Every structure is written in C-alpha cells, then in structure tokens.
Chemist: 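One structure coming up, written as structure tokens, with questions to follow.
This one's a predicted model, so the numbers in the text were calculated from it and none came from an experiment.
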Amino acid sequence: MSKYNTELPSAVLGENGLAIEPGWLTVYSIEPVQREYQQASLEYLPVGVGLPAFSFVDKPTLPKSSFALVRSADGTRWESLPDFRGKEVYSIITGKLQTVTTIGELPQSVTLLAPQTPYDKWDGSKWVTDTDAQHQAEVGAAQQELSERQQAAATAIAPLEKALKLGMATEEEKSALTDWETYSVLLNRVDITKAPDIEWPQSPN
C-alpha cells in the first residue's frame, strides 16, 4: 500500500446532518425563492458542521431544455418542472399580454394563444371574436368621423354663405360653396351602420 494519497478526504455526515468526519463534499445549491438549482461546489466540512444553507448532497439529473431543475418543496428530492419563463401569455379574462416569470405549469387563467382582435373572447379552448361588439365599436368610430366631417363642412360653408348673402361672393367662392354644400348633403346620406365598409365622399379640400 502506498504511503501517499491523491484523493481529497470526504466528509461523513451523521443522522443529524452534521459532519462526524471532516472532509470535502460536492454540494448542489439552489436559490431560495423558486428553489431552482444554481451550481455545484466543493465544501470543506469540519466535524460538527452541516451543509451550507440551501445546499444538498444528492446529485441531480439534468432536465430537458424546456424544463427547470428545482428542489421539491419538502427538500427531499430534485424535480423537473415546465419552464415557460420569458414566454408571452395572454389573460383569458382581459386578453392582456403578460410575461411569465415563475417556474411551473401555466395558470389556468392564461394562454399562449394570442387574441387577434380587441373583441376576442376566450371560449375555453380558443379565442372567438365577438362580432357584435366589434361592429358596435366600428359604428361608433364611424359616427365620430362623420361628426368631424360635418363640423368641418359647416365651418367651411358659414363664411361662404355670408359672402353670398351680402352679394360679395366671388365666382370662386360661389363654386366653393356649391362644392361644400354638395359634400355636406352627401355626408348626410352616409349609412354608418355599414361600418367599416364605408366609402366616404371626397372633401372639397
């Protein structure tokens, strides 16, 4: 037997988790919040000293790339849990975009599927567009645009009418008045219930 030894002395832990023989151990540490595996390191344990906090001696098996390696809540074993961190998900209640920050299965309140319109509702397995709500919003937007166009026409017509009434209108102003009044009449004939498929009359300006 050689009088030399090239091996590091290994610590031996007692039932209470404290070293009963001094030496080195490879320990595997986790972070305390989500209990995710962090790194392996060599630790020297004198007699009567236990493992560093959040460290374990059983070597974990590395998971697949789409999973996270964590310690079980009771600290007795390693677990592989789904890892969606960084993924974009959508609330099935509001459709609001969120980014996953925690390890584990996705909550039932979110989905990886993106809604296609602001009027989509979750039916339990997919987004379905509420066409009635969408059309009401489109009609509302058309009504707003119609009001703005009518106001612009009224603003343009008023000074032209005054010039004509006073006998001061030029031929160019008379022509402009006719154009604006024609435009105003056409606006009054616009059917906003056909929104968004509305062909707006051309403004004189």
Side-chain angles (χ1 to χ4, degrees), residues 31 33-36 63-70 79-205:
E31 55 86 20
V33 178
Q34 299 195 72
R35 307 186 305 280
E36 183 180 12
K64 297 178 181 179
S65 59
S66 58
F67 288 78
L69 178 61
V70 301
E79 296 178 330
S80 293
L81 297 181
D83 189 3
F84 293 96
R85 286 175 298 176
K87 297 283 187 181
E88 292 184 339
V89 295
Y90 302 83
S91 167
I92 63 174
I93 306 300
T94 65
K96 185 177 180 181
L97 176 65
Q98 307 171 26
T99 300
V100 179
T101 59
T102 57
I103 296 170
E105 296 286 355
L106 292 178
Q108 293 184 349
S109 59
V110 300
T111 177
L112 290 166
L113 300 176
Q116 299 304 302
T117 77
Y119 310 100
D120 284 7
K121 305 295 182 184
W122 186 254
D123 74 350
S125 61
K126 63 183 182 300
W127 294 104
V128 177
T129 301
D130 185 338
T131 54
D132 289 338
Q134 185 178 35
H135 181 62
Q136 289 175 7
E138 290 166 346
V139 169
Q143 179 62 66
Q144 177 65 28
E145 181 170 355
L146 177 59
S147 297
E148 292 174 356
R149 285 172 176 259
Q150 288 174 327
Q151 181 59 48
T155 300
I157 288 170
L160 296 173
E161 281 185 330
K162 183 177 291 186
L164 183 65
K165 180 180 178 181
L166 295 173
M168 300 171 63
T170 64
E171 291 302 316
E172 183 179 355
E173 288 172 331
K174 290 177 182 178
S175 177
L177 177 59
T178 299
D179 290 344
W180 277 106
E181 288 180 330
T182 300
Y183 175 64
S184 180
V185 170
L186 292 175
L187 285 177
N188 289 334
R189 295 176 180 175
V190 169
D191 184 0
I192 62 172
T193 63
K194 294 182 179 180
D197 300 320
I198 296 177
E199 185 174 346
W200 296 98
Q202 182 65 45
S203 170
N205 63 353

Chemist: First locate atom CD of Glu173, then atom CE of Met168, and finally report the distance between them rounded to the nearest 0.5 Å.
Modeler: 8.5 Å

Chemist: What verdict does the side-chain contact (heavy atoms from CB on, under 4.5 Å) test give for Tyr90 and Leu97, after you've listed the backbone C-alpha separation in whole Å, the side-chain angles of each residue and the deciding distance to 0.1 Å?
Modeler: CA-CA 5 Å; Tyr90 302 83; Leu97 176 65; 3.5 Å; yes

Chemist: Main chain of Tyr119, side chain of Gln134: is a donor-acceptor contact present, judged purely on distance under 3.5 Å?
Modeler: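 No, Gln134 side chain to Tyr119 backbone: no donor-acceptor pair under 3.5 Å.
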
Chemist: Is there side-chain contact between Gln98 and Ser91, with at least one heavy-atom pair below 4.5 Å?
Modeler: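 The answer is yes; the side chains approach within 4.5 Å.
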
Chemist: To the nearest 0.5 Å, how far apart are CD in Glu199 and CG in Leu186?
Modeler: 11.0 Å

Chemist: Kindly indicate whether the side chain of Asn188, heavy atoms from C-beta on, has any atom under 4.5 Å from the side chain of Gln150.
Modeler: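 Yes - at least one pair of side-chain heavy atoms lies under 4.5 Å apart.
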
Chemist: Going from CD on Glu145 to CD1 on Ile198, what distance comes out if it is rounded to the nearest 0.5 angstrom?
Modeler: 7.5 Å

Chemist: Using every non-hydrogen atom in the two residues, find where Arg85 and Ala68 come nearest and quote the distance to one decimal.
Modeler: NH2-CB, 4.1 Å

Chemist: Nearest 0.5 Å please: distance from the CZ atom of Phe84 over to the CD atom of Glu105.
Modeler: 6.0 Å

Chemist: Filter on salt bridge (charged side-chain N to carboxylate O under 4.0 Å, His left out), then keep only pairs touching residues 174-189, sequence neighbours left out; what's left?
Modeler: Glu171-Lys174

Chemist: Step through the shown structure and confirm whether more than 12 heavy atoms of other residues, nucleotides or ligands are within 6.0 Å of CD on Glu148.
Modeler: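 Atom CD in Glu148 is crowded, with more than 12 foreign heavy atoms closer than 6.0 Å.
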
Chemist: Considering non-hydrogen atoms only, spot the tightest contact between Trp180 and Ala152 and give its length.
Modeler: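 In terms of heavy atoms, the two residues are closest at CZ3-O, 4.2 Å.
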
Chemist: So, taking the atom named CZ in Arg35 and the one named CG in Leu81, what distance separates them when rounded to the nearest 0.5 Å?
Modeler: 8.0 Å

Chemist: To the nearest 0.5 Å, how far apart are NE2 in His135 and OG1 in Thr193?
Modeler: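 Result: 6.0 Å between the selected atoms.
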
Chemist: Kindly give the heavy-atom pair with the smallest separation between Ser203 and Asn205, and that separation in Å.
Modeler: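 Between these two residues, the closest heavy atoms are OG-OD1, 2.6 Å.
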
Chemist: Taking all atoms of both residues into account, what is the closest heavy-atom pair of Val70 and Glu36, and its distance?
Modeler: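 Minimum heavy-atom contact is CG1-CA, 3.9 Å.
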
Chemist: Grab the two heavy atoms, one from Trp127 and one from Ile92, that are nearest each other, plus how far apart they are.
Modeler: CH2-CA, 3.7 Å

Chemist: Determine whether a donor-acceptor pair (N or O, by modelled atom type, separation under 3.5 Å) exists between the side chain of Gln116 and the backbone of Ala114.
Modeler: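 Looks like yes, one N/O pair under 3.5 Å.
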
Chemist: Could you list the donor-acceptor pairs under 3.5 angstrom formed by side chains in residues 154-163, with sequence neighbours left out?
Modeler:
unit_1 : atom_1 : unit_2 : atom_2 : d
Thr155 : OG1    : Gln151 : O      : 2.9
Thr155 : OG1    : Gln151 : NE2    : 3.3

Chemist: What verdict does the side-chain contact (heavy atoms from CB on, under 4.5 Å) test give for Lys126 and Thr111, after you've listed the backbone C-alpha separation in whole Å, the side-chain angles of each residue and the deciding distance to 0.1 Å?
Modeler: CA-CA 9 Å; Lys126 63 183 182 300; Thr111 177; over 6 Å; no

Chemist: Check for a donor-acceptor pair, side chain of Glu31 on one end and backbone N or O of Val33 on the other, with a separation under 3.5 Å.
Modeler: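 Yes, Glu31 side chain to Val33 backbone: donor-acceptor pair under 3.5 Å.
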
Chemist: Would Val190 and Trp200 count as a side-chain contact (heavy atoms from CB on, under 4.5 Å) if you check the C-alpha gap in whole Å, the side-chain angles of each, and the deciding distance to 0.1 Å?
Modeler: CA-CA 7 Å; Val190 169; Trp200 296 98; 4.0 Å; yes

Chemist: Looking only at heavy atoms, what is the nearest atom pair of Leu146 and Leu187, with distance?
Modeler: CD1-O, 3.6 Å

